[in-house]
Amino acid sequence: MKKIGHMGGKIAKTLIWFAALMVLALLFFIIIHILVKGLPAIDWRFLTDIPRSMGREGGIASTIVGTLMVTAVAIVIAIPFGIGSAVYLAEYTHENIVTRVIRFSAEALAGIPSIVYGLFGFIFFVIYLNLGWSVLSGGLTMAVMILPTIIRTSEEAILAVPNSYREVSYSLGGTKWQTIVKAVFPSASRGVFNGVMLSIGRCIAETAAVMLTAGSSLGMPTSLFAPTRTMAVHFYILALEGISMKNAYATAALLIILIFIVNVAANMLMSKISAKESVKAKR
Amino acid sequence: MKMKKELSGYVFFIFALSAISVLALITLFIIARGAPLIAKVGLFNFLFGMEWAPSQEKFGIFPMIVGSVSVTLGAALIGVPVGICCSIFLTEFAPPALGNIFRPAIQLLAGIPSVVYGFWGLLFVVPFIRNYLGGPGLSILAGAVILAIMILPTVISISEVSLLALPRQYKEGALALGMTHWQTIYSVMLPAAKSGIVAAVILGIGRAIGETMAAIMILGNAVALPSSILDPVRTLTTNIGIEMGYASGDHQQALFATGIVLFAIIMVLNASAQYIVRRRGK
(Lines give C-alpha, C1' and ligand atoms only; values in the text may rest on other atoms or scores of the structure.)
Protein backbone atom coordinates (compact mmCIF):
# COMPACT_ATOMS: atom_id res chain seq x y z
CA MET A 1 0.00 0.00 0.00
CA LYS A 2 2.73 2.38 0.97
CA LYS A 3 4.66 1.52 -2.17
CA ILE A 4 1.68 2.47 -4.32
CA GLY A 5 1.50 5.74 -2.41
CA HIS A 6 5.12 6.41 -3.21
CA MET A 7 4.57 5.54 -6.87
CA GLY A 8 1.53 7.82 -7.04
CA GLY A 9 3.52 10.59 -5.45
CA LYS A 10 6.28 10.20 -7.99
CA ILE A 11 3.85 10.22 -10.89
CA ALA A 12 2.06 13.28 -9.49
CA LYS A 13 5.33 15.10 -8.92
CA THR A 14 6.46 14.33 -12.46
CA LEU A 15 3.14 15.56 -13.88
CA ILE A 16 3.37 18.78 -11.88
CA TRP A 17 6.92 19.45 -13.05
CA PHE A 18 5.87 18.65 -16.60
CA ALA A 19 2.87 21.04 -16.49
CA ALA A 20 4.93 23.86 -15.01
CA LEU A 21 7.81 23.52 -17.47
CA MET A 22 5.37 23.22 -20.35
CA VAL A 23 3.68 26.50 -19.38
CA LEU A 24 7.06 28.20 -19.09
CA ALA A 25 8.21 26.81 -22.45
CA LEU A 26 4.96 27.88 -24.12
CA LEU A 27 5.26 31.41 -22.79
CA PHE A 28 8.86 31.72 -23.99
CA PHE A 29 7.88 30.25 -27.35
CA ILE A 30 5.10 32.82 -27.84
CA ILE A 31 7.25 35.75 -26.78
CA ILE A 32 10.37 34.72 -28.66
CA HIS A 33 8.42 33.99 -31.82
CA ILE A 34 6.85 37.47 -31.80
CA LEU A 35 10.13 39.21 -30.90
CA VAL A 36 12.21 37.36 -33.51
CA LYS A 37 9.73 38.20 -36.26
CA GLY A 38 8.91 41.68 -35.02
CA LEU A 39 12.11 43.28 -33.73
CA PRO A 40 13.94 43.45 -37.12
CA ALA A 41 11.07 45.57 -38.49
CA ILE A 42 11.29 48.12 -35.68
CA ASP A 43 13.47 51.07 -36.56
CA TRP A 44 13.42 54.80 -36.00
CA ARG A 45 11.22 55.38 -39.04
CA PHE A 46 8.67 52.79 -37.85
CA LEU A 47 8.41 54.58 -34.50
CA THR A 48 8.19 58.12 -35.88
CA ASP A 49 6.28 57.81 -39.15
CA ILE A 50 2.47 57.75 -39.21
CA PRO A 51 0.75 54.69 -40.75
CA ARG A 52 0.27 54.96 -44.52
CA SER A 53 -2.20 53.07 -46.77
CA MET A 54 -4.13 51.64 -43.83
CA GLY A 55 -0.95 50.54 -42.08
CA ARG A 56 0.51 48.59 -44.99
CA GLU A 57 3.28 51.18 -45.22
CA GLY A 58 4.79 53.70 -42.87
CA GLY A 59 5.10 53.41 -39.12
CA ILE A 60 2.84 53.51 -36.08
CA ALA A 61 3.64 56.91 -34.55
CA SER A 62 0.00 58.05 -34.31
CA THR A 63 -1.01 54.79 -32.58
CA ILE A 64 1.83 55.17 -30.06
CA VAL A 65 0.69 58.72 -29.29
CA GLY A 66 -2.94 57.52 -29.09
CA THR A 67 -2.00 54.74 -26.66
CA LEU A 68 -0.04 57.14 -24.44
CA MET A 69 -2.85 59.72 -24.43
CA VAL A 70 -5.60 57.20 -23.59
CA THR A 71 -3.42 55.68 -20.86
CA ALA A 72 -2.56 59.11 -19.42
CA VAL A 73 -6.23 60.16 -19.25
CA ALA A 74 -7.18 56.86 -17.59
CA ILE A 75 -4.43 57.07 -14.98
CA VAL A 76 -4.98 60.75 -14.16
CA ILE A 77 -8.71 60.15 -13.61
CA ALA A 78 -8.46 56.79 -11.84
CA ILE A 79 -5.67 57.65 -9.37
CA PRO A 80 -7.53 60.18 -7.16
CA PHE A 81 -10.71 58.08 -7.10
CA GLY A 82 -8.89 54.79 -6.61
CA ILE A 83 -6.48 55.95 -3.92
CA GLY A 84 -9.16 58.08 -2.28
CA SER A 85 -11.43 55.03 -2.04
CA ALA A 86 -8.58 52.96 -0.62
CA VAL A 87 -7.73 55.57 2.02
CA TYR A 88 -11.37 55.75 3.05
CA LEU A 89 -11.70 51.96 3.29
CA ALA A 90 -8.44 51.48 5.17
CA GLU A 91 -8.25 54.55 7.43
CA TYR A 92 -11.63 56.14 7.94
CA THR A 93 -14.04 53.40 8.64
CA HIS A 94 -14.63 50.03 10.19
CA GLU A 95 -16.31 47.20 8.40
CA ASN A 96 -19.97 48.06 7.98
CA ILE A 97 -22.66 47.80 5.36
CA VAL A 98 -21.24 50.74 3.36
CA THR A 99 -17.73 49.29 3.13
CA ARG A 100 -19.16 45.91 2.23
CA VAL A 101 -21.13 47.44 -0.64
CA ILE A 102 -18.05 49.40 -1.79
CA ARG A 103 -15.91 46.28 -1.70
CA PHE A 104 -18.57 44.25 -3.49
CA SER A 105 -18.80 46.93 -6.21
CA ALA A 106 -15.04 47.02 -6.68
CA GLU A 107 -14.86 43.22 -6.92
CA ALA A 108 -17.78 43.17 -9.35
CA LEU A 109 -16.15 45.85 -11.50
CA ALA A 110 -12.94 43.79 -11.60
CA GLY A 111 -14.81 40.85 -13.11
CA ILE A 112 -16.79 42.68 -15.79
CA PRO A 113 -15.52 41.74 -19.28
CA SER A 114 -13.81 44.49 -21.25
CA ILE A 115 -16.38 44.26 -24.04
CA VAL A 116 -19.10 45.24 -21.53
CA TYR A 117 -16.98 48.24 -20.51
CA GLY A 118 -16.80 48.99 -24.22
CA LEU A 119 -20.60 48.91 -24.51
CA PHE A 120 -20.93 51.13 -21.45
CA GLY A 121 -18.26 53.58 -22.60
CA PHE A 122 -19.89 53.76 -26.01
CA ILE A 123 -23.40 54.46 -24.75
CA PHE A 124 -22.36 56.69 -21.84
CA PHE A 125 -19.28 58.65 -22.90
CA VAL A 126 -19.51 58.52 -26.69
CA ILE A 127 -23.29 58.95 -27.09
CA TYR A 128 -24.88 60.22 -23.84
CA LEU A 129 -22.14 62.70 -22.84
CA ASN A 130 -21.60 63.37 -26.54
CA LEU A 131 -17.81 63.06 -26.37
CA GLY A 132 -17.77 61.06 -29.61
CA TRP A 133 -15.14 58.47 -30.43
CA SER A 134 -12.23 60.22 -28.79
CA VAL A 135 -9.13 59.95 -26.64
CA LEU A 136 -11.26 61.26 -23.77
CA SER A 137 -14.01 58.62 -24.17
CA GLY A 138 -11.41 55.86 -24.42
CA GLY A 139 -9.44 57.18 -21.46
CA LEU A 140 -12.52 57.58 -19.24
CA THR A 141 -13.67 54.04 -20.11
CA MET A 142 -10.23 52.69 -19.21
CA ALA A 143 -10.27 54.74 -15.99
CA VAL A 144 -13.44 52.91 -14.96
CA MET A 145 -11.83 49.59 -15.91
CA ILE A 146 -8.66 50.08 -13.86
CA LEU A 147 -10.41 51.64 -10.85
CA PRO A 148 -10.88 48.30 -9.01
CA THR A 149 -7.20 47.37 -9.49
CA ILE A 150 -6.02 50.68 -8.05
CA ILE A 151 -8.46 50.48 -5.13
CA ARG A 152 -7.40 46.94 -4.22
CA THR A 153 -3.64 47.36 -4.53
CA SER A 154 -3.69 50.73 -2.72
CA GLU A 155 -5.80 49.39 0.11
CA GLU A 156 -3.47 46.41 0.55
CA ALA A 157 -0.47 48.76 0.59
CA ILE A 158 -2.07 51.06 3.18
CA LEU A 159 -3.15 48.17 5.41
CA ALA A 160 0.43 46.84 5.28
CA VAL A 161 1.76 50.00 6.95
CA PRO A 162 2.57 49.10 10.58
CA ASN A 163 0.18 50.62 13.12
CA SER A 164 3.11 52.05 15.10
CA TYR A 165 3.59 54.65 12.32
CA ARG A 166 0.09 55.96 12.97
CA GLU A 167 0.49 55.79 16.74
CA VAL A 168 3.72 57.80 16.65
CA SER A 169 2.14 60.44 14.43
CA TYR A 170 -0.91 60.75 16.70
CA SER A 171 1.25 60.86 19.85
CA LEU A 172 3.16 63.78 18.33
CA GLY A 173 -0.15 65.59 18.01
CA GLY A 174 -0.73 64.90 14.31
CA THR A 175 -4.26 65.12 12.93
CA LYS A 176 -5.77 62.25 11.00
CA TRP A 177 -5.07 64.04 7.73
CA GLN A 178 -1.44 64.74 8.68
CA THR A 179 -1.02 61.14 9.79
CA ILE A 180 -2.27 59.82 6.47
CA VAL A 181 -0.29 62.25 4.31
CA LYS A 182 2.96 62.32 6.27
CA ALA A 183 3.18 58.94 8.00
CA VAL A 184 1.03 56.36 6.21
CA PHE A 185 1.20 57.38 2.59
CA PRO A 186 4.99 57.63 2.12
CA SER A 187 5.31 54.11 3.44
CA ALA A 188 2.48 52.80 1.24
CA SER A 189 3.46 54.72 -1.89
CA ARG A 190 5.53 51.96 -3.47
CA GLY A 191 2.71 49.46 -3.17
CA VAL A 192 0.37 52.03 -4.67
CA PHE A 193 2.86 52.58 -7.48
CA ASN A 194 2.83 48.85 -8.20
CA GLY A 195 -0.93 48.96 -8.73
CA VAL A 196 -0.59 52.00 -10.96
CA MET A 197 2.03 50.24 -13.11
CA LEU A 198 -0.21 47.16 -13.48
CA SER A 199 -3.02 49.49 -14.54
CA ILE A 200 -0.82 51.20 -17.12
CA GLY A 201 -0.04 47.76 -18.55
CA ARG A 202 -3.72 46.99 -18.71
CA CYS A 203 -4.45 50.23 -20.59
CA ILE A 204 -1.71 49.51 -23.11
CA ALA A 205 -2.96 45.97 -23.70
CA GLU A 206 -6.69 46.65 -23.87
CA THR A 207 -8.38 46.29 -27.24
CA ALA A 208 -12.14 45.68 -27.10
CA ALA A 209 -13.14 48.52 -24.79
CA VAL A 210 -10.86 51.06 -26.48
CA MET A 211 -11.99 50.15 -29.97
CA LEU A 212 -15.64 50.87 -29.12
CA THR A 213 -14.87 54.18 -27.40
CA ALA A 214 -11.74 55.76 -28.91
CA GLY A 215 -12.48 54.59 -32.43
CA SER A 216 -9.98 53.30 -34.97
CA SER A 217 -8.98 56.46 -36.79
CA LEU A 218 -5.39 56.38 -38.01
CA GLY A 219 -4.75 60.13 -37.87
CA MET A 220 -2.49 61.72 -35.29
CA PRO A 221 -4.70 62.67 -32.31
CA THR A 222 -4.28 66.41 -31.85
CA SER A 223 -6.60 66.90 -28.86
CA LEU A 224 -8.45 64.94 -26.20
CA PHE A 225 -11.55 65.13 -28.38
CA ALA A 226 -9.90 63.60 -31.44
CA PRO A 227 -10.56 59.95 -32.28
CA THR A 228 -7.56 57.64 -32.18
CA ARG A 229 -6.42 54.08 -32.69
CA THR A 230 -4.26 52.54 -29.99
CA MET A 231 -1.39 50.14 -30.72
CA ALA A 232 -3.33 47.08 -29.59
CA VAL A 233 -6.29 47.98 -31.81
CA HIS A 234 -3.93 48.71 -34.70
CA PHE A 235 -2.25 45.33 -34.26
CA TYR A 236 -5.65 43.60 -34.13
CA ILE A 237 -6.79 45.21 -37.38
CA LEU A 238 -3.45 44.55 -39.14
CA ALA A 239 -3.44 40.90 -38.09
CA LEU A 240 -7.12 40.07 -38.55
CA GLU A 241 -7.49 41.73 -41.94
CA GLY A 242 -4.07 40.53 -43.07
CA ILE A 243 -3.03 44.06 -44.04
CA SER A 244 0.67 43.67 -43.23
CA MET A 245 2.17 40.76 -41.34
CA LYS A 246 5.48 42.58 -41.06
CA ASN A 247 3.95 45.62 -39.38
CA ALA A 248 1.65 43.41 -37.27
CA TYR A 249 4.64 41.51 -35.87
CA ALA A 250 6.55 44.72 -35.25
CA THR A 251 3.61 46.30 -33.41
CA ALA A 252 3.09 43.15 -31.32
CA ALA A 253 6.81 43.06 -30.45
CA LEU A 254 6.66 46.68 -29.32
CA LEU A 255 3.57 45.95 -27.21
CA ILE A 256 5.31 43.01 -25.51
CA ILE A 257 8.40 45.12 -24.81
CA LEU A 258 6.26 47.89 -23.29
CA ILE A 259 4.38 45.42 -21.06
CA PHE A 260 7.70 43.88 -20.05
CA ILE A 261 9.14 47.26 -19.07
CA VAL A 262 6.01 48.14 -17.08
CA ASN A 263 6.15 44.79 -15.24
CA VAL A 264 9.86 45.10 -14.49
CA ALA A 265 9.36 48.63 -13.14
CA ALA A 266 6.52 47.43 -10.91
CA ASN A 267 8.53 44.45 -9.61
CA MET A 268 11.76 46.35 -9.05
CA LEU A 269 10.06 48.80 -6.74
CA MET A 270 8.23 46.00 -4.97
CA SER A 271 11.39 44.04 -4.26
CA LYS A 272 13.04 47.26 -3.06
CA ILE A 273 10.21 47.66 -0.58
CA SER A 274 10.55 44.18 0.82
CA ALA A 275 14.31 44.64 1.14
CA LYS A 276 13.79 47.95 2.94
CA GLU A 277 11.13 46.48 5.22
CA SER A 278 13.39 43.60 6.23
CA VAL A 279 16.18 46.07 7.06
CA LYS A 280 13.72 47.99 9.22
CA ALA A 281 12.60 44.81 10.91
CA LYS A 282 16.20 43.95 11.83
CA ARG A 283 16.68 47.31 13.47
CA MET B 1 -9.09 70.83 13.78
CA LYS B 2 -12.11 68.61 14.27
CA MET B 3 -13.66 70.31 11.26
CA LYS B 4 -10.67 69.48 9.13
CA LYS B 5 -10.73 65.87 10.19
CA GLU B 6 -14.36 65.55 9.34
CA LEU B 7 -13.89 67.36 6.05
CA SER B 8 -11.14 65.04 4.85
CA GLY B 9 -13.30 62.08 5.86
CA TYR B 10 -16.15 63.36 3.71
CA VAL B 11 -13.86 63.96 0.75
CA PHE B 12 -12.51 60.42 0.92
CA PHE B 13 -16.03 59.09 1.38
CA ILE B 14 -17.08 60.79 -1.86
CA PHE B 15 -14.12 59.23 -3.68
CA ALA B 16 -15.06 55.89 -2.16
CA LEU B 17 -18.52 56.14 -3.68
CA SER B 18 -16.96 56.08 -7.16
CA ALA B 19 -16.92 52.28 -7.43
CA ILE B 20 -20.58 52.00 -6.41
CA SER B 21 -21.71 54.80 -8.70
CA VAL B 22 -19.81 53.49 -11.68
CA LEU B 23 -21.22 49.99 -11.19
CA ALA B 24 -24.70 51.49 -10.94
CA LEU B 25 -24.18 53.57 -14.09
CA ILE B 26 -22.93 50.55 -16.05
CA THR B 27 -25.87 48.42 -14.95
CA LEU B 28 -28.35 51.21 -15.63
CA PHE B 29 -27.11 52.24 -19.07
CA ILE B 30 -26.67 48.74 -20.43
CA ILE B 31 -30.06 47.61 -19.21
CA ALA B 32 -31.74 50.80 -20.42
CA ARG B 33 -30.28 50.27 -23.87
CA GLY B 34 -30.82 46.52 -24.16
CA ALA B 35 -34.00 45.78 -22.21
CA PRO B 36 -36.45 47.36 -24.70
CA LEU B 37 -35.36 44.89 -27.36
CA ILE B 38 -35.70 41.92 -25.00
CA ALA B 39 -39.19 43.18 -24.18
CA LYS B 40 -39.99 43.48 -27.87
CA VAL B 41 -38.68 40.06 -28.90
CA GLY B 42 -39.61 38.30 -25.66
CA LEU B 43 -37.08 36.98 -23.17
CA PHE B 44 -37.67 33.36 -24.12
CA ASN B 45 -37.34 34.01 -27.86
CA PHE B 46 -34.23 36.08 -27.27
CA LEU B 47 -32.45 33.52 -25.08
CA PHE B 48 -33.58 30.40 -26.90
CA GLY B 49 -34.10 31.68 -30.45
CA MET B 50 -31.97 29.75 -32.93
CA GLU B 51 -31.77 32.45 -35.59
CA TRP B 52 -29.67 35.61 -35.53
CA ALA B 53 -30.44 37.67 -38.62
CA PRO B 54 -30.48 41.36 -37.67
CA SER B 55 -31.50 42.46 -41.17
CA GLN B 56 -34.65 40.31 -40.87
CA GLU B 57 -35.27 41.43 -37.30
CA LYS B 58 -34.47 37.96 -35.96
CA PHE B 59 -32.61 38.11 -32.68
CA GLY B 60 -32.03 34.69 -31.11
CA ILE B 61 -28.79 34.18 -29.20
CA PHE B 62 -29.04 30.50 -28.27
CA PRO B 63 -26.19 29.44 -30.62
CA MET B 64 -23.95 32.06 -28.97
CA ILE B 65 -24.84 30.89 -25.48
CA VAL B 66 -23.90 27.36 -26.57
CA GLY B 67 -20.73 28.79 -28.13
CA SER B 68 -19.71 30.66 -24.97
CA VAL B 69 -20.45 27.68 -22.72
CA SER B 70 -18.60 25.15 -24.89
CA VAL B 71 -15.49 27.26 -25.41
CA THR B 72 -15.37 28.19 -21.72
CA LEU B 73 -15.83 24.58 -20.58
CA GLY B 74 -13.06 23.51 -22.93
CA ALA B 75 -10.75 26.24 -21.65
CA ALA B 76 -11.50 25.28 -18.05
CA LEU B 77 -10.93 21.55 -18.72
CA ILE B 78 -7.46 22.32 -20.09
CA GLY B 79 -6.51 25.39 -18.06
CA VAL B 80 -7.69 24.47 -14.57
CA PRO B 81 -5.67 21.24 -14.04
CA VAL B 82 -2.57 22.81 -15.57
CA GLY B 83 -3.04 25.96 -13.49
CA ILE B 84 -3.48 24.06 -10.22
CA CYS B 85 -0.42 21.93 -11.04
CA CYS B 86 1.55 25.15 -11.58
CA SER B 87 0.41 26.61 -8.26
CA ILE B 88 1.40 23.40 -6.42
CA PHE B 89 4.70 23.53 -8.28
CA LEU B 90 5.31 27.10 -7.13
CA THR B 91 4.43 26.50 -3.48
CA GLU B 92 5.91 23.02 -2.99
CA PHE B 93 8.40 21.94 -5.63
CA ALA B 94 9.98 24.88 -7.42
CA PRO B 95 13.62 25.56 -6.56
CA PRO B 96 13.83 29.26 -5.57
CA ALA B 97 15.71 30.17 -8.75
CA LEU B 98 13.03 28.63 -10.98
CA GLY B 99 10.26 30.19 -8.91
CA ASN B 100 11.89 33.57 -9.41
CA ILE B 101 11.65 33.07 -13.17
CA PHE B 102 8.20 31.51 -13.06
CA ARG B 103 6.35 34.21 -11.12
CA PRO B 104 7.36 37.19 -13.28
CA ALA B 105 6.77 35.02 -16.35
CA ILE B 106 3.18 34.39 -15.22
CA GLN B 107 2.79 38.11 -14.58
CA LEU B 108 4.01 38.81 -18.11
CA LEU B 109 1.60 36.15 -19.40
CA ALA B 110 -1.20 38.08 -17.69
CA GLY B 111 -0.08 41.40 -19.15
CA ILE B 112 0.35 40.45 -22.80
CA PRO B 113 -2.53 41.82 -24.90
CA SER B 114 -5.16 39.19 -25.61
CA VAL B 115 -4.94 40.00 -29.32
CA VAL B 116 -1.37 38.70 -29.32
CA TYR B 117 -2.62 35.33 -28.08
CA GLY B 118 -5.31 35.37 -30.75
CA PHE B 119 -2.67 36.08 -33.38
CA TRP B 120 -0.43 33.30 -32.10
CA GLY B 121 -3.38 30.91 -32.09
CA LEU B 122 -4.14 31.87 -35.67
CA LEU B 123 -0.53 31.12 -36.66
CA PHE B 124 0.01 27.85 -34.80
CA VAL B 125 -3.07 26.32 -33.17
CA VAL B 126 -5.57 26.87 -36.00
CA PRO B 127 -3.38 25.38 -38.80
CA PHE B 128 -2.42 22.45 -36.54
CA ILE B 129 -6.09 21.58 -35.95
CA ARG B 130 -6.97 22.05 -39.62
CA ASN B 131 -4.12 19.82 -40.82
CA TYR B 132 -4.16 17.05 -38.23
CA LEU B 133 -7.68 16.92 -36.80
CA GLY B 134 -9.79 18.23 -39.68
CA GLY B 135 -12.41 20.94 -40.01
CA PRO B 136 -11.70 24.59 -40.74
CA GLY B 137 -9.27 24.92 -37.82
CA LEU B 138 -11.12 27.97 -36.55
CA SER B 139 -13.02 26.07 -33.90
CA ILE B 140 -14.14 25.49 -30.32
CA LEU B 141 -10.98 23.47 -29.74
CA ALA B 142 -8.66 26.25 -30.95
CA GLY B 143 -10.52 28.75 -28.78
CA ALA B 144 -10.39 26.44 -25.77
CA VAL B 145 -6.61 26.00 -26.11
CA ILE B 146 -5.90 29.73 -26.41
CA LEU B 147 -8.34 30.74 -23.66
CA ALA B 148 -6.86 28.02 -21.43
CA ILE B 149 -3.49 29.76 -21.76
CA MET B 150 -5.11 33.10 -21.05
CA ILE B 151 -6.85 32.00 -17.82
CA LEU B 152 -3.67 30.42 -16.43
CA PRO B 153 -2.42 33.56 -14.62
CA THR B 154 -5.77 33.97 -12.82
CA VAL B 155 -5.99 30.32 -11.78
CA ILE B 156 -2.32 30.07 -10.80
CA SER B 157 -2.04 33.27 -8.77
CA ILE B 158 -5.25 32.85 -6.77
CA SER B 159 -4.65 29.13 -6.07
CA GLU B 160 -1.08 29.92 -5.06
CA VAL B 161 -2.22 32.59 -2.61
CA SER B 162 -4.72 30.20 -1.01
CA LEU B 163 -2.08 27.45 -0.71
CA LEU B 164 0.42 29.88 0.81
CA ALA B 165 -2.19 31.12 3.28
CA LEU B 166 -2.47 27.70 4.94
CA PRO B 167 -1.08 27.52 8.48
CA ARG B 168 2.32 25.81 8.51
CA GLN B 169 1.10 23.41 11.19
CA TYR B 170 -1.13 21.63 8.66
CA LYS B 171 1.83 20.58 6.59
CA GLU B 172 4.13 19.94 9.55
CA GLY B 173 1.48 17.89 11.33
CA ALA B 174 0.82 15.73 8.29
CA LEU B 175 4.53 15.14 7.67
CA ALA B 176 5.04 14.34 11.36
CA LEU B 177 2.32 11.70 11.12
CA GLY B 178 4.47 9.98 8.51
CA MET B 179 2.67 11.09 5.39
CA THR B 180 4.75 11.47 2.25
CA HIS B 181 5.11 14.91 0.71
CA TRP B 182 2.56 14.11 -2.00
CA GLN B 183 0.09 12.61 0.50
CA THR B 184 0.39 15.80 2.51
CA ILE B 185 -0.32 17.94 -0.54
CA TYR B 186 -3.13 15.74 -1.80
CA SER B 187 -4.98 14.88 1.39
CA VAL B 188 -4.22 17.85 3.64
CA MET B 189 -3.20 20.98 1.74
CA LEU B 190 -5.46 20.81 -1.31
CA PRO B 191 -8.63 20.09 0.74
CA ALA B 192 -7.74 22.88 3.16
CA ALA B 193 -7.21 25.35 0.32
CA LYS B 194 -10.29 24.11 -1.53
CA SER B 195 -12.39 27.26 -1.27
CA GLY B 196 -9.61 29.48 -2.59
CA ILE B 197 -8.96 27.11 -5.46
CA VAL B 198 -12.67 26.95 -6.32
CA ALA B 199 -12.74 30.76 -6.34
CA ALA B 200 -9.70 30.74 -8.65
CA VAL B 201 -11.50 28.38 -11.02
CA ILE B 202 -14.67 30.50 -11.03
CA LEU B 203 -12.73 33.71 -11.72
CA GLY B 204 -10.78 31.93 -14.46
CA ILE B 205 -14.07 30.83 -16.02
CA GLY B 206 -15.27 34.42 -15.80
CA ARG B 207 -12.18 35.58 -17.65
CA ALA B 208 -12.72 32.96 -20.38
CA ILE B 209 -16.39 33.89 -20.88
CA GLY B 210 -15.48 37.57 -21.07
CA GLU B 211 -12.62 37.34 -23.56
CA THR B 212 -13.46 38.96 -26.87
CA MET B 213 -10.72 39.92 -29.29
CA ALA B 214 -8.67 36.71 -29.16
CA ALA B 215 -11.92 34.76 -29.47
CA ILE B 216 -12.94 36.69 -32.59
CA MET B 217 -9.64 35.79 -34.21
CA ILE B 218 -9.77 32.03 -33.64
CA LEU B 219 -13.38 30.87 -33.22
CA GLY B 220 -14.54 31.30 -36.82
CA ASN B 221 -17.62 33.23 -35.69
CA ALA B 222 -20.29 31.15 -37.47
CA VAL B 223 -23.78 31.62 -36.00
CA ALA B 224 -24.84 27.97 -35.86
CA LEU B 225 -25.06 25.23 -33.28
CA PRO B 226 -21.75 23.35 -33.34
CA SER B 227 -21.90 19.59 -33.79
CA SER B 228 -18.32 18.89 -32.74
CA ILE B 229 -15.44 20.67 -31.06
CA LEU B 230 -13.88 21.14 -34.49
CA ASP B 231 -16.74 23.40 -35.61
CA PRO B 232 -16.53 27.19 -35.61
CA VAL B 233 -18.78 29.03 -33.14
CA ARG B 234 -19.71 32.53 -32.13
CA THR B 235 -19.80 33.53 -28.48
CA LEU B 236 -21.76 36.25 -26.67
CA THR B 237 -18.70 38.49 -26.51
CA THR B 238 -17.60 38.02 -30.11
CA ASN B 239 -21.14 38.72 -31.28
CA ILE B 240 -20.87 42.16 -29.70
CA GLY B 241 -17.27 42.72 -30.78
CA ILE B 242 -17.87 41.90 -34.43
CA GLU B 243 -21.14 43.73 -35.01
CA MET B 244 -20.89 46.75 -32.71
CA GLY B 245 -18.84 48.64 -35.29
CA TYR B 246 -21.72 48.99 -37.76
CA ALA B 247 -24.92 48.14 -35.86
CA SER B 248 -27.68 50.69 -35.38
CA GLY B 249 -31.30 50.77 -34.21
CA ASP B 250 -32.78 47.46 -33.08
CA HIS B 251 -29.61 45.64 -34.10
CA GLN B 252 -27.51 47.78 -31.75
CA GLN B 253 -30.05 47.31 -28.97
CA ALA B 254 -29.85 43.55 -29.52
CA LEU B 255 -26.09 43.74 -28.97
CA PHE B 256 -26.66 45.60 -25.71
CA ALA B 257 -29.19 42.91 -24.80
CA THR B 258 -26.45 40.33 -25.48
CA GLY B 259 -24.33 42.42 -23.13
CA ILE B 260 -27.02 42.17 -20.43
CA VAL B 261 -26.93 38.36 -20.63
CA LEU B 262 -23.13 38.40 -20.42
CA PHE B 263 -23.23 40.87 -17.53
CA ALA B 264 -25.74 38.70 -15.64
CA ILE B 265 -23.61 35.55 -16.10
CA ILE B 266 -20.48 37.35 -14.86
CA MET B 267 -22.24 38.86 -11.85
CA VAL B 268 -23.52 35.44 -10.78
CA LEU B 269 -20.04 33.92 -11.20
CA ASN B 270 -18.36 36.74 -9.26
CA ALA B 271 -20.89 36.77 -6.47
CA SER B 272 -20.45 33.02 -5.99
CA ALA B 273 -16.65 33.36 -5.97
CA GLN B 274 -16.89 36.14 -3.37
CA TYR B 275 -19.37 34.12 -1.33
CA ILE B 276 -17.06 31.10 -1.28
CA VAL B 277 -14.06 33.20 -0.24
CA ARG B 278 -16.05 35.03 2.47
CA ARG B 279 -17.41 31.79 3.91
CA ARG B 280 -13.88 30.55 4.34
CA GLY B 281 -12.97 33.77 6.11
CA LYS B 282 -15.54 33.10 8.84
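Within every chain, numbering begins at 1; the chains are lettered A, B, ... in the order of the sequence lines, protein sequences first and strands thereafter. Note that the structure is a prediction, hence the values are computed from the model and not measured.
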Contact part of [X] toward chain A, heavy-atom cut-off under 4.5 Å: side chain, backbone, both or neither?
| X | value |
| --- | --- |
| B:Leu98 | side chain |
| B:Ile149 | side chain |
| B:Thr212 | side chain |
| B:Gln274 | side chain |
| B:Leu108 | both |
| B:Met217 | both |
| B:Leu262 | side chain |
| B:Gln252 | side chain |
| B:Tyr117 | side chain |
| B:Leu123 | side chain |
| B:Leu152 | side chain |

Which bit of [X] comes within less than 4.5 Å of chain B, counting heavy atoms only: side chain, backbone, both or neither?
| X | result |
| --- | --- |
| A:Phe81 | both |
| A:Ile83 | neither |
| A:Ile30 | both |
| A:Ile112 | both |
| A:Ile34 | side chain |
| A:Pro80 | both |
| A:Val116 | both |

Measuring centre to centre across the rings, with the benzene-like ring taken for any Trp, is B:Phe256 within less than 6.0 Å of B:Phe29?
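No.
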So which of A:Ala239, A:Ala12, A:Gly201 has the biggest tally of heavy-atom pairs under 4.5 Å with chain B?
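Between A:Ala239, A:Ala12, A:Gly201, the count favours A:Ala12.
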Once rounded to the nearest 0.5 Å, what's the spacing between atom CD1 of B:Ile106 and atom CD1 of B:Ile101?
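The CD1 atom of B:Ile101 is 12.0 Å from CD1 of B:Ile106, to the nearest 0.5 Å.
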Counting only heavy atoms not in A:Tyr128, do more than 12 fall under 6.0 Å of its OH?
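No, not enclosed.
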